[in-house]
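Here is the structure we will look at.
FYI, the numbering just counts along the sequence from 1.
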Amino acid sequence: MSAASRASSGPSPRPPAATAPAALPTSRGARYAWYGVLVVLGVLVGTAGALVQAAWFPGGLLLALLATAAVFYGGLRATGTQVGVVAAGCGWLLAVVLLSFGRPEGDGVFGGGGGELLFLFGGMAVAVICATLSRLPRPAP
């Protein structure tokens with residue numbers, strides 16, 4: 001039996017190649033676009049968390065911190081670098097700080113209780129935890 005007939009008649013010795021996971025953005029423009037999206041998501045989550053944590057105190061605070069952790073970890077997974085966490089964290093911190101100032105009339109989102117401090121310090125702790133996680137391995141081409 002010749003080598004050509006064995007190659008065409010028998011099963012292939014290699015298993016089929018597994019599909020690779022979706023590749024992380026490799027171009028500079030795509031990565032900058034992700035950073036911009038993450039800043040906007042951070043602002044939205046910071047604003048929503050500031051409103052929810054005071055409305056339903058124990059459950060709302062937990063929900064706000066979970067959403068904060070989700071956007072920070074999502075930034076790490078979407079970009080593959082810790083800069084994604086920093087981008088989302090900057091947007092979150094910007095929203096929380098601007099909402100904490102209040103207006104000259106005395107109106108403000110944060111009333112000055114323990115829940116607000118837990119939201120602020122808990123969100124910063126979650127950002128540090130997500131930023132110090134190990135980098136994701138690049139998928140093989």
Minimum heavy-atom distance Trp92-Gly46, with the two atoms named: CD1-CA, 3.3 Å
Less than 4.5 Å apart, any side-chain heavy atom of Leu76 and any of Phe72? no
To the nearest 0.5 Å, what is the distance between CG on Leu99 and CD on Glu116? 11.5 Å
Other ILVMFWY residues reachable from Val83 by side-chain steps of under 4.5 Å: Tyr32, Tyr35
On a heavy-atom basis, which atom in Leu65 and which in Phe119 lie closest, and how many Å separate them? CD2-O, 4.0 Å
Ile129 and Thr132 have their tightest heavy-atom pair at O-OG1, 3.1 Å
Do Val39 and Val45 share a hydrophobic cluster, counting only Ile, Leu, Val, Met, Phe, Trp and Tyr and linking them when any side-chain heavy atoms are less than 4.5 Å apart? no
Tell me whether Leu118 is reachable from Leu62 by hopping between hydrophobic residues (I, L, V, M, F, W, Y) whose side-chain heavy atoms are closer than 4.5 Å. no
Rounded to the nearest 0.5 Å, the CD atom of Gln53 sits from the OG1 atom of Thr68 at a distance of 10.0 Å
For Leu44, the rest of its hydrophobic cluster, which grows through side-chain links under 4.5 angstrom: Val40
Indicate if Leu66 and Val96 have the same hydrophobic cluster label, given that clusters are the connected sets of ILVMFWY residues with side-chain heavy-atom separations under 4.5 angstrom. no
Note, Thr81 side chain near Val86 side chain (heavy atom, < 4.5 Å): no
Under a 4.5 Å side-chain heavy-atom rule over Ile, Leu, Val, Met, Phe, Trp and Tyr, are Phe101 and Leu94 clustered together? yes
hydrophobic_cluster_shared for Val71 and Met124, side chain cutoff 4.5 Å: yes
Ignoring hydrogens and geometry, is there a side-chain-to-backbone donor-acceptor pair from Gln82 to Leu133 under 3.5 Å? yes
Please give me the minimum heavy-atom distance between Cys130 and Tyr73, naming the atom from each residue. SG-N, 3.8 Å
